[in-house]
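Remarks on the structure that follows.
Naming: A, B, ... by sequence-line order, numbering from 1 per chain.
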There are 2 protein chains.
Amino acid sequence: MSRPTIKTIAQETGLSIATVSKALNDSPQVRPETRALVVAAAERVGYQLNMHGVQLRTGKTYQVAAIMTAPGPKQNEWEGVEYAQLLSGISWALEDSPYRVSLYAVRSFEESITTIRQIVSLKKADGIIVSGTHADDPRVRLMQEADFPFVTYGTTIHNAPHAYVDADNEQMIRLSVARLAERGHSRIALINPMADLSYSLTRLEAYRQALDIAGLSFNPALTAHGHLTPAFGRENVLLMSGLSNPPTAYICANEASALGAFSGFHARGLVHGRDAVINATDDLNVSQYFAPPITTYFLPIHEPSEMLGRYILRRMEGETPQALQTLIMPKLIERSDDRLAK
Amino acid sequence: MSRPTIKTIAQETGLSIATVSKALNDSPQVRPETRALVVAAAERVGYQLNMHGVQLRTGKTYQVAAIMTAPGPKQNEWEGVEYAQLLSGISWALEDSPYRVSLYAVRSFEESITTIRQIVSLKKADGIIVSGTHADDPRVRLMQEADFPFVTYGTTIHNAPHAYVDADNEQMIRLSVARLAERGHSRIALINPMADLSYSLTRLEAYRQALDIAGLSFNPALTAHGHLTPAFGRENVLLMSGLSNPPTAYICANEASALGAFSGFHARGLVHGRDAVINATDDLNVSQYFAPPITTYFLPIHEPSEMLGRYILRRMEGETPQALQTLIMPKLIERSDDRLAK
DNA sequence: CAGCACAATAAAAACGTTTAACTTCAATGT
DNA sequence: ACATTGAAGTTAAACGTTTTTATTGTGCTG
């Protein structure tokens, strides 16, 4: 009364287990009529492939490891919340495949290196999805050397070509700065992620170039790098608004820091649209509920997420990394006027 | 040059693979000296247990399935973001065990049923963690009938006893209402989760009782049930503030709906503290960044999360469900005065 | 019609582990 | 002294697959 195996089907059909296995795997070595017989029998007895047998025999794990660098349990901050949607997007993309998402929550970049090293060397998964890429990312090198399939959420700068998905940060920042400059702003602050992250560099570089094009000067005091929490956004508004020449516009890297920036406005008595404006990049479309709603570049996170899932599948099937590289341009959503008040 | 197995150790030590296996599993059938020999050899050759072999032989999967009901990809709403922290908490609790978290993202309650049915019948995991419990939850019944280890995040009302972790919603709402009543409020709105969720019922019941105790009457127009998105919070403030007798206090079930409520205030020109106040339950401690910061009951989500992980481990080891039930009381954080303005 | 090629299936081995059943041998009791 | 016990190992089977190699039977060629 136990679960049927290929042995059950073999007895049922009078064939050998070898033939049954081949039939179920669409091997050209079995006659179509035989295959039909096997499939019918499988159906009849309610056969379901036992993965453990396959895994032992083939060495494949049918697991995709998702490395999630989450803030430590001590910090209670709104950080990394987009992982929920990221993970479900990946999970959905794998839904019709035999692969499952296996979660590896790590606390730091260093821990993510050792975790990945372990997954690779002990083959605990067939593919890896990793985010928070650095400009020169040792994990990428690690996986490339081992010829291990992976996709990154985020680009790298100094690594050899690999599969990735990312927002088009460069274009987004260029347009963002240009738009604010057009509207009369000359002191534009950039609230940026941690400096060691690749996209932080990309954004900073694009920011400098865009300022240059707009004929504005670069002022290091108007840039900040750190964990994209509300605390960070708030902190920097408090700091920068106290400068002798405070910014009239803030470009925040996500909605958490934008919310914090609002909190800073409130603390300083600043009014959005009068004293300064906030723009942001938005994953969850939550900025529309800010008071007032702000202008954002919006990239619904399920898009890159599902792409990550589809890409890792294709990568595991041997497709070349160069064919699996996409930058997605977030959509501008103008909710506030954003002209410099006189 | 391939990965060492117990066979390697057997050759290395001159023992049989059976003895090696028993030694590594601390069987009383092997002499301590022999065990030491085996362990030394294992160390020397860099032996790592191959799970596939174990899984095939024992039928154990060493997977804990985390069922995550996430909003569909079409809705871009701030919903379910707390799953990120929930998952990492679980993952950390399993860190020193051989178990991994396997993610099952589903789109609806119905899908979660079929997913769980599959996991149980095909034994795709050794334990399940599920959230969003209903008052009478068919999934709980399903798992209980199959005698399958599980822990829920959230209680049930009509099901047989099972392992769970949850916030103490009842006490929280009672205190919350009492506190607002003390401060002069008589029209207190309850922004509640979907009515079929168990904790929605718990909250509603506690709300009614607390009103009764405070000598206030229950008005159905001041309660709302729905998905806890910012949109939902906003919507209800717009609606309720238009009543002839609008509420002077809103109790929101999470920070997303609270943010939306603020958005509703903004749209209606309401001022927090003057026209009405907002209280909320907070997972991420993000309410401190609202403008103005609001009073919340705060439960750092890593606490229940890690408990879920520890509980499922104990449950899989056969501990009785009754020993694995915990309600955690969130901490009151008073950030606003909240007295009724005259 | 012998010989051969080929298509279709079967047999058997292998992946790495656990465990039931069996063997060995020294210590024990009478 | 000798059967009995028990401790400590070994042997062998088993979990469910895939895959290499072997076998069978058929139709074709010369």
* Is the shortest side-chain N/O distance from B:Asn25 to OP1 or OP2 of C:dT18 below 4.0 Å? -> yes
* Asked: Closer to the 5' end of DNA chain D via nearest nucleotide, is it B:Thr58 or B:Lys22?
  -> B:Lys22
* Parallel under 30°, tilted from 30 to 60°, perpendicular over 60°: which one fits the rings of A:His134 and A:Phe109? -> parallel
* Are a donor atom and an acceptor atom from the side chains of B:Thr19 and B:Ser16 found within less than 3.5 Å of each other? -> yes
* Asked: Side-chain N or O of B:Arg57 less than 4.0 angstrom from OP1 or OP2 on C:dG16?
  -> no
* Asked: Quick one: A:His52 NE2 to C:dA14 P, roughly how many Å, whole number?
  -> 24 Å
* Whole-Å gap separating P (D:dC15) and CD1 (B:Ile17) -> 16 Å
* Structure fact -> When rounded to whole Å, the CD to C1' distance for the pair B:Gln55 and D:dA14 reads 17 Å
* Considering all heavy atoms, the nearest B:Leu24-B:Ala42 contact -> CD2-CB, 4.4 Å
* Structure fact -> Residues A:Val140 and A:His162: closest non-hydrogen pair is CG1-CD2, 3.8 Å
* What heavy-atom pair brings B:Pro4 and B:Val45 nearest, and what distance separates the two atoms? -> CG-O, 3.4 Å
* **Listed nucleotide nearest any side-chain atom of B:Val30, set D:dG9, D:dT11, C:dT9** => D:dG9
* Nucleotide nearest B:Asn50 (side chain, heavy atoms from C-beta), chosen from D:dT17, D:dT10, C:dT17 -> C:dT17
* Going by an N to O cut-off under 4.0 Å, is there a salt bridge joining A:Glu111 and A:Arg107? -> yes
* Asked: How close or far is atom P of D:dG16 from atom CG of B:Leu122, stated in whole angstroms?
  -> 14 Å
* Asked: Would you say A:Arg31 reaches C:dT9's phosphate, i.e. side-chain N/O to OP1/OP2 under 4.0 Å?
  -> yes
* Asked: Do A:Glu317 and A:Glu319 have side chains that get closer than 4.5 Å, going by heavy atoms?
  -> no
* Structure fact -> Whichever of A:Pro4 and A:Gln29 has the more 5' nearest nucleotide on DNA chain D, that residue is A:Pro4
* To do: For B:Glu33 and D:dA8, give me the distance from atom CD to atom P, rounded to whole Å.
  => 8 Å
* Where the side chain of B:Ala18 is concerned, which of D:dT10, C:dT17, C:dT9 is the nearest nucleotide? -> D:dT10
* To do: Quickly work out the B:Arg3 CZ to C:dA14 P distance and round it to whole Å.
  => 20 Å
* To do: May I have the distance from B:Leu37 (atom CG) to D:dA8 (atom P), rounded to whole angstrom?
  => 15 Å
* To do: Look at the side chain of A:Thr61 and the backbone N and O of A:Asp126, then say whether any donor-acceptor pair between them is shorter than 3.5 Å.
  => yes
* Near DNA chain C, under 4.0 Å by heavy atom, which residues of residues 6-14 of chain A? -> A:Gly14
* Asked: Between B:Thr19 and D:dG9, is there a side-chain N or O to OP1/OP2 distance below 4.0 Å?
  -> no
* Asked: Rounded to the nearest Å, what distance is computed from the CG atom of residue A:Leu24 to the C1' atom of nucleotide D:dT19?
  -> 15 Å
* Distance below 4.0 Å between A:Tyr47 side-chain N/O and D:dT17 OP1 or OP2 -> yes
* Structure fact -> Among D:dT18, D:dT10, D:dT17, the one nearest any side-chain atom of B:Ser16 is D:dT10
* Asked: Hey, does the side chain of B:Thr34 come within less than 4.0 Å of D:dG9's phosphate (OP1/OP2), counting only N and O?
  -> yes
